[in-house]
Amino acid sequence: MQETENKRNVLVIVGREAEPPIMVDALRPRAEGTGFTLLVPATPLHGPDSAIDWADALERAERGASAMRDAGLEVIETIVGDADFAAAAGDVMHSREIDDVVVLVDPTAALGARPDLVAV
């Protein structure tokens with residue numbers, strides 16, 4: 001287990017639908033002894049590498065990190081990553097010591113795609 005200032009480092013991957021209050025509610029039970037690395041993939045709504053999509057992801061990342069800090073959660077790092085969730089997560093996990101991963105996406109869409117992997 002990697003310790004960051006004596007804390008676990010949990011990677012939190014956030015989809016477009018995960019608003020800051022949802023993030024805080026989902027992460028609060030895991031907060032003791034934990035710091036969070038927030039990853040917001042840039043959703044490709046306007047084409048590959050769209051500046052608009054990257055700006056949107058950056059704004060969502062800043063809002064999310066701010067809400068987490070306001071709720072007393074420790075944010076180790078905030079990252080805007082590749083639009084491909086798997087690629088973005090792989091980049092982060094390859095370059096940092098991560099102890100656990102939490103993925104926050106639209107549960108309705110995820111249930112339809114992979115009900116066996118969704119905890120609501």
Side chains of Met68 and Leu38: closer than 4.5 Å at any heavy-atom pair? yes

Show the numbers, then the answer: is there a side-chain contact (heavy atoms from CB on, under 4.5 Å) between Trp54 and Val80? CA-CA 8 Å; Trp54 280 92; Val80 173; 3.3 Å; yes

Should Val10 and Val101 count as side-chain neighbours, where that means a heavy-atom distance under 4.5 Å? no

Between Glu19 and Arg63, does a salt bridge (Lys or Arg N to Asp or Glu O under 4.0 Å) hold up when you go through it step by step? CA-CA 9 Å; Glu19 290 296 322; Arg63 271 192 340 217; 3.5 Å; yes

Taking the side chain as C-beta and beyond, is there a heavy-atom pair between Leu39 and Leu11 under 4.5 Å? yes

Would you say the side chain of Ile13 lies within less than 4.5 Å of the side chain of Phe85, judging by non-hydrogen atoms? yes

Are Val75 and Leu104 connected into the same hydrophobic cluster when the rule is that any two of I, L, V, M, F, W, Y join if their side-chain heavy atoms are below 4.5 Å apart? yes

Considering only heavy atoms from C-beta outward, does the side chain of Asp84 approach that of Pro41 to under 4.5 Å? no

Decide yes or no for Val92 and Ile79: does some side-chain heavy atom of the first lie under 4.5 Å from some side-chain heavy atom of the second? yes

Would one find more than 12 heavy atoms of other residues, nucleotides or ligands at under 6.0 Å from atom CZ of Arg30? no

Counting only N and O atoms by type, is there a donor-acceptor contact under 3.5 Å from the side chain of Ser95 to the main-chain atoms of Asp91? yes

Tell me whether Ser66 contacts the main-chain N or O of Gly64 through its side chain, where contact means a donor paired with an acceptor under 3.5 Å. no

Mind checking the CG-CZ spacing from Asp56 to Arg16? Nearest 0.5 Å is all I need. 4.5 Å

Does Asn9 reach the side chain of Glu77, with side-chain heavy atoms less than 4.5 Å apart? no

Less than 4.5 Å apart, side chain to side chain, heavy atoms only: is that true for Lys7 and Thr34? no

